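Shown next, in structure tokens, is the structure this report addresses.
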Amino acid sequence: MSRPRLSKGLVQVYTGNGKGKTTAALGLALRAIGHGYKVFMLQFMKGSKDYGELQAAEKYLPNLIIVQSGLETFVSKESPSQADIELARRGLETAKKVINEQHYDLIILDEINVALDFHLIDLDDVLQMIKTKPPHIELILTGRYVPQAIVEHADLVSDVSLVKHPYYQGCAARKGIEY
Ligand code: ATP
Ligand code: MG
């Protein structure tokens, strides 16, 4: 059965220090799914199954596939473990494969900007992936510290600025809000 495909897929970036980047991408996924599109999200540097979006996708959203390629622990920018590097690289290989298979309409590379900033993956590799993506696929890159070269190759860049966050009032991460 035929299904809709995007006539023009663009490259979007959600970056900045404020809260709302990953959840903006998930909101976009929800909107796209409502119109019959299929969404694949690959989460770099994340390995915890305790994210509500993983459970929601699995239970209620067959057209949203979320795959993680990271450890449950925080990555050290100065000395990432070999496993952190290996998982990020594998994640990028998976992303390239999924993009080229063209089975999904929106492909979200969650926290890929951070993986680049931490030098877990190669910037030229990611730029090449962006430049050669099939035209009807929308690519969404999230995470703080987006490299300027990615900004130059993106069609849409939203910089979420930190004005207030309850974390700075001592409020710990809340289930269903932060994860
Ligand atoms: P969200 O997943 O809620 O959309 P995000 O993707 O914008 O947040 P990240 O930079 O990926 O945020 O940070 C990961 C976690 O830290 C999330 O749980 C997020 O809610 C929280 N967070 C976001 N911004 C801040 C901040 N400025 N200070 C403290 N914690 C934050
Ligand atoms: Mg995020």
Side-chain angles (χ1 to χ4, degrees), residues 10-34 39-61 63-78 80-81 83-85 87-92 94-95 98-99 104 106-121 123 126 129-130 138-151 154-179:
L10 302 178
V11 178
Q12 303 193 27
V13 172
Y14 300 141
T15 194
N17 291 328
K19 170 172 161 61
K21 303 171 291 289
T22 297
T23 46
L26 287 166
L28 196 65
L30 191 64
R31 176 173 287 171
I33 288 165
V39 183
F40 185 93
M41 175 186 256
L42 195 139
Q43 298 189 321
F44 287 85
M45 301 171 72
K46 287 180 179 172
S48 164
K49 302 297 167 216
D50 211 16
Y51 286 99
E53 58 264 37
L54 290 177
Q55 285 143 43
E58 214 173 286
K59 279 193 211 153
Y60 310 114
L61 298 165
N63 285 340
L64 173 59
I65 302 300
I66 307 181
V67 169
Q68 295 184 322
S69 199
L71 298 176
E72 231 181 294
T73 46
F74 278 110
V75 182
S76 156
K77 185 173 179 177
E78 290 70 34
S81 73
D84 292 323
I85 296 168
L87 282 166
R89 290 186 182 165
R90 252 191 260 163
L92 185 58
T94 302
V98 171
I99 289 170
Y104 296 93
L106 272 72
I107 297 174
I108 301 167
L109 305 177
D110 187 38
E111 315 302 348
I112 191 171
N113 300 334
V114 186
L116 281 166
D117 185 62
F118 281 32
H119 301 292
L120 303 180
I121 51 174
L123 177 60
V126 176
M129 178 181 74
I130 292 174
E138 190 92 0
L139 203 55
I140 298 109
L141 289 77
T142 88
R144 296 161 191 232
Y145 322 121
V146 67
Q148 188 54 33
I150 302 270
V151 170
D155 301 288
L156 180 156
V157 180
S158 286
D159 190 345
V160 185
S161 70
L162 169 63
V163 178
K164 273 185 163 187
H165 195 291
Y167 174 79
Y168 300 99
Q169 266 75 54
C171 185
R174 291 168 301 157
K175 185 182 274 198
I177 307 294
E178 264 80 38
Y179 63 95

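Along the sequence shown, the residues carry numbers beginning at 1. Since the model is a prediction, treat every value here as computed from it, not as a measurement. We count ligands from 1, going down the list as the structure has it; atoms in each ligand are counted the same way.
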_For Thr22, the ligand 1 atoms whose distance to one of its heavy atoms is below 4.0 Å_ =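 Answer, ordered by atom number: 2 (O), 4 (O), 5 (P), 6 (O).
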*Which ligand 1 atoms does Leu162 reach within 4.0 Å, using its non-hydrogen atoms?*
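Near Leu162, the atoms of ligand 1 are 27 (N).
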*Go through the side-chain N and O atoms of Glu138 and Gln12 and say whether any donor and acceptor fall under 3.5 Å apart.*
yes
*asked:* Just by distance, no angles: are the side chains of Lys164 and Gln169 close enough, under 3.5 Å, to form a donor-acceptor pair?
replied: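 Side chains of Lys164 and Gln169: no pair found under 3.5 Å.
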Counting N and O atoms only, with roles assigned by atom type, does the side chain of [X] sit under 3.5 Å from a partner on the main chain of [Y], one being a donor and the other an acceptor?
X: Glu58; Y: Ile66; result: no
X: Gln68; Y: Phe44; result: no
X: Thr142; Y: Tyr14; result: no
X: Arg90; Y: Ser69; result: no

*Would atom 15 (C) of ligand 1 count as contacted, meaning some protein heavy atom under 4.0 Å?*
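Given the 4.0 Å limit, the answer for atom 15 (C) of ligand 1 is no, no protein heavy atom qualifies.
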Of all the non-hydrogen atoms in the protein, which one sits nearest to [atom], and at what distance?
atom: atom 12 (O) of ligand 1; answer: Lys21 NZ, 3.4 Å
atom: atom 27 (N) of ligand 1; answer: Asn17 O, 3.0 Å
atom: atom 3 (O) of ligand 1; answer: Lys19 NZ, 2.4 Å
atom: atom 11 (O) of ligand 1; answer: Glu111 OE2, 2.8 Å

*How wide is the angle at the Mg ion (ligand 2) between OE2 in Glu111 and OG1 in Thr22, to the nearest 10°?*
100°
*Are any of the N/O atoms in Tyr167 less than 3.5 Å from those in ligand 1?*
no
_Gly20 N/O under 3.5 Å from ligand 1 N/O_ =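 N/O-N/O distance under 3.5 Å: yes.
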Checking contacts here: is it the side chain or the backbone of [X] that comes within 4.0 Å of ligand 1, counting heavy atoms only? Could be both or neither.
X: Thr23; answer: both
X: Val160; answer: neither
X: His165; answer: side chain
X: Tyr168; answer: side chain

*What pair of heavy atoms forms the shortest contact from Ala88 to Leu120, and how long is it?*
CB-CB, 3.7 Å
*Before accepting this row, confirm whether a basic side-chain N of the pair Lys21/Asp110 lies closer than 4.0 Å to the acidic partner's carboxylate O.*
no
*Can you tell me if Asp110 has an N, O or S atom under 2.8 Å away from the Mg ion (ligand 2)?*
no
*Relative to atom 24 (N) of ligand 1, which among Glu178, Met45, Arg144, Gln43 owns the nearest non-hydrogen atom?*
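Shortest heavy-atom distance from atom 24 (N) of ligand 1: Arg144.
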_If we check side chain to side chain contact (heavy atoms under 4.5 Å, CB included) with Met41, which of these qualifies: Thr22, Ile65, Leu54?_
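Considering Thr22, Ile65, Leu54, a side chain to side chain contact (heavy atoms under 4.5 Å, CB included) with Met41 is found only for Thr22.
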_Member of Val157, Thr15, Val13, Asn113 meeting the side chain to side chain contact (heavy atoms under 4.5 Å, CB included) criterion with Val151_ =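 Answer after filtering Val157, Thr15, Val13, Asn113: Val157.
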*Should Ala173 be listed as contacting ligand 1, given a heavy-atom distance under 4.0 Å as the test?*
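Ala173 does not count as a contact of ligand 1 under the 4.0 Å cut-off.
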*Kindly check if the number of other-residue, nucleotide or ligand heavy atoms within 6.0 Å of NZ (Lys175) is above 12?*
no
